[in-house]
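What follows is one structure encoded as structure tokens, with my remarks underneath.
Just so it is clear, the structure is predicted and the values come from calculations on it, not from any experiment. Values below: every heavy atom of this structure, side chains too, minus hydrogens, waters and symmetry copies.
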Amino acid sequence: MDDEHTAEYTVPCAQCSAVDWGISDEGRFYCRSCHNVIERTREVVDLSFLKLSSRVSTIRGPRKKQAERGHVWMVCEGFQFILKNQADALLALGVHPQFKDDVLCPLWRCYLQKSRQAYTHDPVRSCKFRVRAVGSDLESASEGISCTDGESNPASTAGSNTENSGFWSGSSDTLTYLSARKKRSQSLLSMKKTLSLIYLALVWSREALTLSDLLRLVNEGHIPYLNAYEQLPEEMKVTGKDSLIFVVETVPSHHAVHKEAETLIQFLQLPAFPPISQQTLLHPALLSLRYLSDVNLPDELHPWVCRLLEHTGMMDQTLHTFDPRNHPTLPRYDVQAAALIIVTLKLFFCLDDMTEWHLSNDLGRQKDSGKVFNLRRWYKVMQAALIRAQERRDQNVSRKQWKSKKQIYPNKKEKCSMIKKKRIAEQVQLCFEKLTSCPSGLQDVGPSSFIFCWGDEEESDGPSLHHMKLDEVVTRRYDFLTPLNDIYWHPALRRCLCYNSHYKEVEATLPRSFIWLLQLFAFMLDVKPFCLYEEVLSVERRIFDTRLYRGKSKANAGSSAETAGASPEAQASLNTRTSPRRTRTSPRTAEASVGTWASHRKRQRSRKS
């Protein structure tokens with residue numbers, strides 16, 4: 001090791017005239033023959049020995065004639081490598097191998113064909129746009145996966161960007177992507193659109209990964225996204241204006257990716273997706289079972305969710321399968337399953353800040369209350385686990401290194417300032433690493449589909465309540481097993497003409513227990529509470545359909561206010577005694593009926609005693 005640092009120093013020793021130098025532990029040169037120590041020291045490479053100086057020294061020398069450009073490449077080639085790396089990461093996590101070759105690759109070729117970047121006689125190669133006829137022929141996209149070749153990308157076009165003094169980039173068609181007309185078109189590919197394309201391929205393959213799972217894997221770094229350009233080949237140099245395309249500093253939201261996926265479906269003109277049957281893990285019947293286990297709810301609650309699916313007609317696979325003719329919207333499977341669980345809990349416990357606690361108090365007075373599900377106990381266990389999970393997520397976000405190690409400089413003028421900022425950041429980071437240390441219990445945990453862990457182990461979030469019974473909160477009426485609670489409230493179900501969410505406007509009028517439940521599932525799925533709120537309203541519209549009210553009022557004009565337009569069997573199965581007047585009012589109007597129900601319960605206890 002010493003010979004590498006002393007090879008260039010050929011000055012003879014002043015005492016013995018020998019040229020045999022070594023380096024001591026202190027980093028100083030000494031003669032190996034006579035052990036004479038001189039003042040020369042080894043150059044320091046470790047930044048921790050440097051002073052915290054923000055000064056950047058420059059060495060002026062002969063300028064190079066021209067920087068190496070590497071391989072001439074296009075933007076679609078860069079995105080193709082990124083999609084390949086994202087697909088390989090999913091395959092390493094257990095996704096079926098056919099996902100990449102049989103689903104994602106045809107979708108990618110279809111996009112290149114529709115956007116006229118490949119597999120077409122009229123490709124878009126420069127900023128000059130030509131109007132294409134509606135009936136123009138498109139070349140078949142079933143031959144290969146490469147989007148460019150040597151003949152279709154001449155060197156004159158590739159070098160046009162570097163010759164322009166005001167534009168500096170590594171790819172050959174960055175200027176085309178950044179043009180105003182191209183930005184307005186739907187064919188412009190972005191990093192967010194890569195996640196949408198991956199998600200469409202997952203839905204087509206009917207994999208057990210929802211959109212929230214995909215975004216959580218991206219946030220945890222298991223799927224390359226934030227610094228995905230670092231994994232590009234060395235000959236594909238990403239510089240200059242390429243940073244506006246490939247560099248992202250935030251992960252898009254659930255709503256943004258889902259909306260982008262629906263736009264991508266329309267642009268690609270995709271046919272009907274494979275059916276999402278009851279045996280598919282994306283179906284709400286199976287997906288709700290997974291979410292029930294994650295939030296530590298009893299297993300006996302799952303059959304009631306399935307009964308709710310049957311009553312609302314949501315067990316039909318056509319409602320969960322995208323079809324451009326019959327069902328032209330892409331379902332949000334994770335949000336829909338969470339909304340079904342919330343509605344089921346409202347059927348059992350009402351969640352109006354009064355009824356659920358009265359039921360919990362009645363269960364607490366019983367002797368064998370340890371085997372019966374108690375909502376109050378579940379709330380305490382879940383609230384403590386939720387606080388710890390939020391703290392863990394905040395700590396992981398604070399420890400995460402968001403800036404890339406391989407920086408891209410937008411232009412040559414900002415290169416020096418960005419190098420200066422990077423050097424200062426590295427020096428400050430080294431100082432903090434010396435002053436602080438990672439917690440002793442911090443370990444790298446592999447990816448998981450569950451947020452919480454329940455059981456008797458030390459690292460669990462709390463005791464498991466999956467085995468708890470619902471015997472004390474159900475009763476038998478009309479030869480049907482129904483919830484003991486006979487009150488159900490809901491906000492106004494009439495759709496707004498503006499098609500915007502009014503959750504912020506009505507949040508102050510909603511019960512606190514209902515809002516807490518929305519926030520719990522919103523944290524699990526990493527979505528906004530208003531998304532869950534709108535999905536809950538969608539499920540409730542299926543329960544309280546206005547056509548049912550009309551039909552019942554025509555048959556029984558006098559008694560329609562009490563039966564709310566449902567058959568006795570269906571009403572007993574769900575047990576939702578809601579009048580049309582209460583349906584049109586806000587949820588706070590249900591408090592009067594809650595008080596009536598509480599007084600009725602007191603009279604029943606006094607009669608028994």
Side-chain angles (χ1 to χ4, degrees), residues 70-120 123 140-150 152-153 170-174 177 187-205 207 209 211 213-239 242-243 245-248 251-252 257 260-261 264 267-268 270 404-406 408 447:
H71 175 67
V72 177
W73 59 285
M74 303 185 66
V75 174
C76 62
E77 285 183 303
F79 280 116
Q80 181 170 288
F81 274 102
I82 292 175
L83 278 172
K84 177 181 177 298
N85 294 333
Q86 291 174 345
D88 292 339
L90 287 172
L91 294 181
L93 293 174
V95 176
H96 199 277
Q98 295 181 353
F99 159 79
K100 177 181 176 183
D101 299 330
D102 298 345
V103 181
L104 183 60
C105 288
L107 284 177
W108 173 241
R109 291 195 291 263
C110 180
Y111 166 78
L112 294 177
Q113 186 182 26
K114 293 290 185 180
S115 60
R116 297 168 53 201
Q117 299 186 56
Y119 310 113
T120 177
S140 176
S142 61
E143 296 178 357
I145 192 171
S146 177
C147 62
T148 57
D149 52 17
S152 62
N153 192 12
S171 59
S172 60
D173 59 340
T174 305
Y177 258 67
S187 61
L188 178 64
L189 192 63
S190 61
M191 291 297 298
K192 180 173 65 176
K193 196 166 289 187
T194 59
L195 294 180
S196 302
L197 200 63
I198 290 287
Y199 175 60
L200 290 180
L202 288 172
V203 175
W204 188 287
S205 304
E207 291 288 339
L209 280 176
L211 182 55
D213 296 331
L214 178 64
L215 295 179
R216 184 169 66 251
L217 292 174
V218 170
N219 277 307
E220 293 176 356
H222 301 292
I223 297 178
Y225 180 77
L226 291 177
N227 301 322
Y229 67 91
E230 293 182 349
Q231 301 180 6
L232 294 178
E234 295 182 358
E235 58 269 15
M236 298 177 64
K237 296 187 176 182
V238 183
T239 56
D242 296 332
S243 60
I245 301 176
F246 293 101
V247 177
V248 288
V251 178
V257 177
E260 191 71 34
L264 198 58
F267 175 72
L268 299 179
L270 296 179
S404 172
K405 297 180 180 179
K406 181 181 178 182
I408 300 179

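Between Leu91 and Asp88, some side-chain heavy-atom pair lies under the 4.5 Å cut-off. Two residues are said to be in side-chain contact when any heavy atoms from C-beta on lie closer than 4.5 Å; Leu232 and Ile82 meet this criterion. At a threshold of 4.5 Å between non-hydrogen side-chain atoms, the residues Thr194 and Leu83 count as touching. Put simply, the side chain of Trp204 does not reach to within 4.5 Å of the side chain of Leu104, judged on heavy atoms. At a threshold of 4.5 Å between non-hydrogen side-chain atoms, the residues Tyr229 and Ile245 do not count as touching. A 4.5 Å side-chain heavy-atom check between Ile223 and Ile198 finds every atom pair outside the cut-off. Looking at heavy atoms from C-beta onward, Lys192 lies out of side-chain contact with Leu195 at the 4.5 angstrom threshold.
Within the 3.5 Å criterion, the main-chain N or O of Pro224 finds a donor-acceptor partner in the side chain of Gln86. For the pair Glu77 (side chain) and Met74 (backbone), a donor-acceptor distance under 3.5 Å is present. Listed for the Tyr111 side chain is a donor-acceptor partner under 3.5 Å among the backbone atoms of Leu189.
Here the closest non-hydrogen pair linking Tyr199 and Leu214 is CB-CD2, 4.0 Å. Contact detail for Leu93 and His222: the closest heavy-atom pair is CD1-CB, 4.4 Å. Heavy atoms only, all atoms of each residue included: Leu200 and Leu270 are closest at CD1-CD1, 4.5 Å. Contact between Glu220 and Pro447 at its shortest, heavy atoms only, is OE1-CA, 4.3 Å. Closest approach of Phe246 to Gly78, counting heavy atoms only: CE2-C, 4.0 Å. Here the closest heavy-atom approach between residue Tyr225 and residue Met191 is recorded as CE1-O, 3.2 Å.
For the atom pair Tyr119 OH and Arg109 CZ, the distance stands at 5.5 Å (nearest 0.5 Å). Residue Cys76 holds its SG atom at 6.0 Å from CH2 of Trp108, rounded to the nearest 0.5 Å. Note that SG of Cys105 and CD of Gln80 are 8.0 Å apart. Values are rounded to the nearest 0.5 Å. Note that CG of Leu197 is 10.5 Å distant from CD of Glu260, once rounded to the nearest 0.5 Å. The CG atom of Leu264 sits 8.0 Å away from atom CG of Leu107, with the distance rounded to the nearest 0.5 Å. Gln113 CD to Leu268 CG: the interatomic distance, rounded to the nearest 0.5 Å, is 10.5 Å.
Neither side chain, Glu207 nor Ser205, offers a donor N or O lying under 3.5 Å from an acceptor on the other.
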